[in-house]
Amino acid sequence: MSRLTPSEIEPKWQAAWAEAGVFTATRDGNRPKYYVLEMFPYPSGRIHMGHVRNYTMGDVIARYKIGTGHNVLHPMGWDAFGMPAENAAMAIGGHPKTWTYDNIATMREQMKPLGLSIDWSREFATCDPEYYGQQQSIFLDFMEKGLVYRKDAMVNWDPVDMTVLANEQVIDGRGWRSDAPVERRKLTQWFFKISDFAEDLLEALDGLDRWPEKVRTMQANWIGRSRGLQIAFELATPFEGVERIEVYTTRPDTLMGAGFVAIAPDHPLAEALEAGNPEIAAFCADCRRMGVSETDAEKAEKTGIDTGLRVKHPVRPECGLPVWIANFIIMDHGTGAIFGCPAHDQRDLDFSRKYGLPVVNAFTTLNDAAPVADKALVPIKTEKVRWIDHFAGLDVATGEEAIEATIAFAEKRGWGRRKTQLRLRDWGLSRQRYWGCPIPVVHCDICGIVPEKRENLPVRLPDDVSFGRPGNPLDRHPTWRDTPCPSCGKPARRETDTMDTFVDSSWYFVRFTAPRAKTPTRDEDARYWMNVDQYIGGIEHAILHLLYSRFFARAMRMCGHLPASATEPFDALFTQGMVTHEIYATRDGKGRRIYHLPSDVRRDEARARLKATGEPVEVIASAKMSKSKKNVVDPEDIIAAYGADTARWFVLSDSPPERDVEWTAAGVDAAFKHLNRVWRLAAAAKAADDAEGPDDAMLRRSMHKTIRGVTVDIEAFAFNAAVAKLYAFTNTVAKADAGTGAKREALRIMAQLMAPMTPHLSEEIWHILGGEGLIARAAWPVADPQMLVEDRVTMPIQINGKRKTEISVPRDMAREDVEKLALASDVVVKALAGGRPRKLIVVPGRIVNVVT
RNA sequence: GCGGGUGUGGCGGAAUUGGCAGACGCACUUGGUUUAGGUCCAAGCGCCUUUGGGCGUGGGGGUUCAAGUCCCUCCACCCGCACCA
């Protein structure tokens, strides 16, 4: 009997698919389209198991949808701009472009053996000038529509590397590479007006009912719309022309408990006060020093300083509230000023106790609150409260009513107005880096900022740059930087900032619909293929990438690049879990861990030892595969040893796709053994022979149940459950005393049901069992509803809800007959002891419950 | 602190949505075949037990003839956000 040899059959079928063009997508009005997409990879160098899991899931969906008659688009590309390429260029020399394209070539060659149903004819990298040139043209369109602007913004500046650092590159206030103290610098930068769309981006989340709740919540929190009241607190005596302080609150109902007003150290009023008061100046300077590092700010104690100014309480003007400058007030939030309500806010209470400020109850709850000690009384939103001073015509209200009543009252009296506040800030897209999409504008001393002419796009990155010196190479590249003004023709300078790489990934999915078009999109293709029906990727992109893509869809629609029908980029989103693996470590002389590759460790029974020396190895709990922990399993090695089908089958088995799956050698062996077992069963059923067997009917019923079960599971992304049903069906086929005809039929169906997961093995089985054409193109089997119902059913009999026995009855037996049979069974007779049941529940075909 | 999620055998996890808890896989035990085997085949495998049964889906309570599933409450862990005004 021949053995399963993946190294032979896998390339064979991959070639067959390529030759038949099975996965090449073209528009076809006769079939429903289905666009399935996995988040495209960054070409870091090699693919890892996370990629394998991600793309396998997408592939299952894609192949299943082909089977169900859909015209499937399943493309792949490369998110190819970004810092690692520049870092590599600095560390090992060479050019980011070479490094990137080499990595792409390597990873493409690693991906192809996985047998993914990808339309490779649509492949592109975001660093291709053909792609980023179109992106530049979109940028100019956004400019024309007023969706782009420039403003000053703070950046982390590394004075040694002469570069801007992302927040995650700042470690303990120092640059991650240079270790130099990071400075805060003001730079004029480019921004996208994402805030223009904030309301729509928030409200449309409700319609994304096929997105995980978690992601929708995270986006909603990120946009952070709050409704509240902006109050003008009048200064008792104006200070240098300032007459009032604007304060924003989401809890206007607590206004009567206001004990103080506090402003941020960066507040204009604070800055004005600094000039005449050295103590205040010292305090503010102190706060700013803390402000550099956010982790410091978190730990810092709440401190403040009295300005000596007083404001009037809008409802009780006779009350003067002190104005403080406090370190925990942030200029970016609201108006940069708050009123403190110590009785009902813990932070304000702590502050008030520290500085001896008054604590005033705003309201008591209906059951009369205890006096405030060290714990603020925070009424629940739905709780009825009674104002101590009922100024709004209401004296008892729930939190929401109280808030509304206060806002209405404030607007009527004119000291406040309703305000909706957003947390979402505009998207700063400037990056002072080389390896990104150049921003296509020119700075002219005469004309100002001038967009590059369309016919000059793409503004290509120059190749002749060096990374030996710190700073942005574009800045010191005179022939590239110096360019005539597109408007007046006089000498001018190119913008040397490039775009955030999130821009590249905000519209790539649209570009896949017409990757070679001379315009960013082509209407008939975008109209046909958009939206992406199913998007699959990691939860780490829950906020930025997905939010930016949603913004781009709207902005591109505004510019005519997307049809009105393309409402959202991704109709359905699935976030898959990671592939984890144990970590192996030994200790060095100082007790520090030294990590070891799984391939260097031998595990037998309970112990693990180094293969080379036999030294015992500490096994640390499973974690995300990472180079530094050396717990990476290389997909290439697994494919070489077991084949792609085994790797695919394994990553789909056992764990639900949204959870992490632990990579284990035993699990991979089990997957491989199972595929071999299916292969042997198929080989045994190969001989044509029409003999029937006693289990033929049972096998067919089981087959139809499996068809239905696997179909439902794939639709529901329950791949682990689908795999389990296929295991169970394999057991049934193996044990059935059935004729070869029935077994052949069963195995052909099994091959089809497995094809989305193990496409090569399935083709091979399909082929030897006489299937027509390629299984990749075969119509997905449909379960016969009549075969799903058994003639006889086993009904458990419960006494008082506890299962005691069972009866086997014809499926459609009349209720009365079931009752009689149940009552006649030994245990029931015994339990009733001659009496009658108090109640008798019969759920036909399901269960009998006798209540005594 | 706010928000989201998870909790089921030794382990990963099923459960047609209120109807036989533990499917399927791993690990383990026993037996068999071939044995060079880490192959293959068969059987067993929640816990307790006086072998009659009792208990059992994080704890407690409730609804119901019936609860892993619904409600209340508490606990633990994971993830996200956060001096958010």
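Convention: sequence-line order gives letters A, B, ...; per-chain numbering from 1.
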*asked:* It should be established whether A:R803 places a side-chain nitrogen or oxygen under 4.0 Å from OP1 or OP2 of nucleotide B:A66.
replied: no
*In whole Å, what is the span from the NZ atom of A:K802 to the C1' atom of B:U64?*
14 Å
_Tell me the interatomic distance from A:H333, atom NE2, to B:A82, atom P, rounded to whole angstroms._
8 Å
*Quantified in whole Å, what is the C1' atom distance between nucleotide B:G68 and nucleotide B:G58?*
12 Å
*Integer-rounded Å distance: B:G25 P and A:L675 CG*: 13 Å
_Dot-bracket encoding per residue of RNA chain B, Watson-Crick/G-U cut-off under 3.5 Å, | denoting interstrand_ = (((((((..(((......[....))).(((((.......))))).(((....)))..(((((..]....))))))))))))....
*Could you point out which residue of A:T254, A:L349, A:V359, A:L255 forms a side chain to side chain contact (heavy atoms under 4.5 Å, CB included) with A:C341?*
A:T254
*Nearest whole angstrom, please: distance from the P of B:A27 to the CG of A:D669.*
8 Å
*Which whole number of Å gives the distance between the P atom of B:G3 and that of B:C72?*
15 Å
_Salt-bridge contact A:R417-A:E246 (side-chain N to carboxylate O under 4.0 Å)_ = no
*What interatomic distance, in whole Å, is found between P of B:G22 and the corresponding atom of B:U16?*
13 Å
*Identify, between A:N731 and A:T249, the residue whose nearest nucleotide on RNA chain B lies closer to the 5' end.*
A:N731
*Are any of A:K839's side-chain N or O atoms less than 4.0 Å away from OP1 or OP2 of B:C65?*
yes
*For atom CG of A:N221 and atom C1' of B:G3, their distance in whole Å*: 6 Å
*Classify the glycosidic conformation of B:G9 as syn or anti, calling it syn when the angle lies within 90° of 0.*
syn
*In chain order, what residues pass the salt bridge (charged side-chain N to carboxylate O under 4.0 Å, His left out) check against A:K804, with sequence neighbours excluded?*
none
_Separation of the C1' atoms in B:A23 and B:G38, to the nearest angstrom_ = 27 Å
*CZ of A:F328 versus P of B:A82: gap in Å, rounded?*
18 Å
*Considering residues at least two apart in sequence or located in another chain, which fulfil the salt bridge (charged side-chain N to carboxylate O under 4.0 Å, His left out) criterion with A:K705?*
A:E790
*Do the ring centers of A:Y642 and A:F650 come within less than 6.0 Å of each other?*
no
